[in-house]
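The structure appears right after this line, and notes come after that.
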Amino acid sequence: MNRAGSLQGLVVHSGIFIGRAKYQEKREAQIPSRKIKDTELEAEISSLQNSLNHIESELNNILDNQNLTETERDILQSHLLILRDPEIEKELLHTIESLKYSAAAAVHAVYSKICNQFKEMENEYFLERLDDYKDVSRRIIDFILNRGTSEPTIWTDQDIAILEDISPSQVSSYARAGLKAYCCVNGSYNSHASILSRALGLISLVSVENLMEQIEEGQELILDAQEGLLILSPSPEALASTVKKQPNWREETSFWKS
Amino acid sequence: MIQKKITIKNKLGLHARPSALLVKAATKYRSDFNIRRDDTVVNGKSIMGVMILAAECGAELELIADGVDEAFLIDEISQLIEEGFDE
């Protein structure tokens, strides 16, 4: 039995969306901890290089293809510069070759070290940059461990993604994979992920308490990101009045009438 | 090898955007490029390195380029800094 009622959150990008909950599992990638053998060295290095090249072209594609604002462009450019930082690459190769870490473990180790250094500086500016480094690191690790697909999810135009957190790179890859709306447990208005969401027109609500506890996979929802509300299992009356509120209501949404 | 002393002019110093502009410009050249501030020397083609300098307005830096196109690199980077990154 689905629970009715509504949850409140912080509007990142305003709009109204009727859809169904789709959970995006947190893919806690299992990073292999064993040391690699000499015979595996070459494969690990090329796995790292492949992932860097692939993500670089992914980022460049986004930069080329869309009408991005200057802010978004800056964010994506900074991710590119981090991804291709020669000092970080040198450190990654050293960690694989000399310390015999796997490619994924090396990325995790090197980026964690950088993040810790930034934290120790206790400076607002470095703390703000932390998220970019974390995001780039997570993206590389995901790519390496999934052997080629960093964005496996395909969204239908009825999906409302339900997530714990969302990163800037998830925002851009999900939007390109067809996602139109999402809700998060965490998040803030000025995060890089939120700035990107607004630029890409993703209807979004963050900082929604009890989100994971209240919502089931496939549950019908109205995301009213004008009022900052997520309405669970809406009544036919609520649906009818929401449909009228939607500025661009199209025939596709008529599946609700059945 | 060319070395050149220079002072950061823009109000916010080498924060996110100027650092990115500087690194992007330097990366176009083949020469090695380091930046020294007091006792710290960083790779000028590394965004992390440039960030760590935390060069505020008025900070005195030394640009050090070494390679076939060192003069062009120093010219472009100096110009960026002199013009305060158009800020």
Side-chain angles (χ1 to χ4, degrees), chain A residues 52 55-56 59-60 63 68-95 107 109-137 140 168 190-192 195, chain B residues 8 10-59 61 63-70 73 76-77 80-81 83-87:
Chain A
L52 298 182
I55 296 165
E56 182 179 15
L59 288 170
N60 276 323
L63 280 165
L68 302 173
T69 64
E70 204 175 328
T71 324
E72 282 178 277
R73 217 163 263 286
D74 285 350
I75 296 170
L76 294 167
Q77 294 277 14
S78 76
H79 284 196
L80 261 180
L81 291 175
I82 293 167
L83 184 77
R84 280 304 186 188
D85 190 312
E87 293 299 312
I88 298 180
E89 274 191 66
K90 216 189 284 172
E91 194 64 29
L92 287 172
L93 287 177
H94 169 79
T95 308
V107 173
V110 169
Y111 276 86
S112 300
K113 202 170 119 191
I114 296 169
C115 289
N116 286 334
Q117 281 172 352
F118 283 4
K119 275 184 210 154
E120 279 168 21
M121 297 200 183
E122 289 182 357
N123 171 319
E124 190 79 9
Y125 171 62
F126 285 96
L127 290 178
E128 279 170 16
R129 300 276 83 74
L130 257 186
D131 282 345
D132 293 330
Y133 283 79
K134 280 188 194 156
D135 192 15
V136 171
S137 153
I140 307 171
N190 280 322
S191 69
H192 278 174
I195 294 169
Chain B
I8 296 295
N10 60 312
K11 211 165 122 194
L12 293 170
L14 283 186
H15 65 95
R17 186 180 154 275
S19 305
L21 286 174
L22 189 151
V23 171
K24 264 179 76 184
T27 305
K28 291 188 301 197
Y29 297 93
R30 287 169 60 195
S31 300
D32 289 334
F33 176 49
N34 289 317
I35 308 175
R36 193 178 64 79
R37 183 181 188 193
D38 303 322
D39 295 330
T40 312
V41 180
V42 300
N43 183 341
K45 296 181 180 181
S46 158
I47 187 74
M48 188 182 60
V50 173
M51 261 185 72
I52 285 167
L53 284 179
E56 73 284 357
C57 183
L61 305 178
L63 311 178
I64 308 158
D66 190 5
V68 285
D69 46 12
E70 55 190 33
L73 188 157
E76 182 168 351
I77 301 299
L80 272 173
I81 295 176
E83 288 170 356
F85 299 92
D86 283 332
E87 290 194 332

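Chain A is the first sequence line, chain B the second, and so forth, proteins listed ahead of strands; every chain is numbered from 1. Atom set for the values below is all heavy atoms of this structure, side chains included, hydrogens, waters and symmetry mates excluded.
Neither the backbone nor the side chain of A/Leu80 comes within contact range of chain B; no heavy atoms are under 4.5 Å apart. A/Arg84 does not touch chain B: none of its heavy atoms, backbone or side chain, sits under 4.5 Å away.
Residues A/Leu83 and A/Glu56 approach most closely at CD2-N, 3.5 Å, considering heavy atoms. Nearest heavy-atom pair, A/Tyr111 versus A/Tyr133, reported as atom, atom and distance to 0.1 Å: CD2-O, 3.5 Å. For the residue pair A/Asp85 and B/Met48, the shortest heavy atom distance occurs at OD2-N, 2.9 Å. For A/Pro86 against B/Lys45, the heavy-atom pair with the smallest separation is CD-O, 3.1 Å.
Note that NE2 of A/His79 and CG of A/Leu76 are 7.0 Å apart. Values are rounded to the nearest 0.5 Å.
Looking at B/Asp69, its side chain does come within 3.5 Å of a backbone N or O of B/Ser31 through a donor-acceptor pair.
Among residues 10-29 of chain B, the residues having any heavy atom closer than 4.5 Å to a heavy atom of chain A are, in sequence order, B/Leu14, B/His15, B/Ala16, B/Arg17, B/Ser19, B/Ala20, B/Val23, B/Lys24.
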Practice problem: Start with the C-alpha gap between A/His192 and A/Asp132, add the side-chain angles, then the distance that decides, and say whether side chain to side chain donor-acceptor pair (under 3.5 Å) holds. | Solution: CA-CA 8 Å; A/His192 278 174; A/Asp132 293 330; 2.9 Å; yes
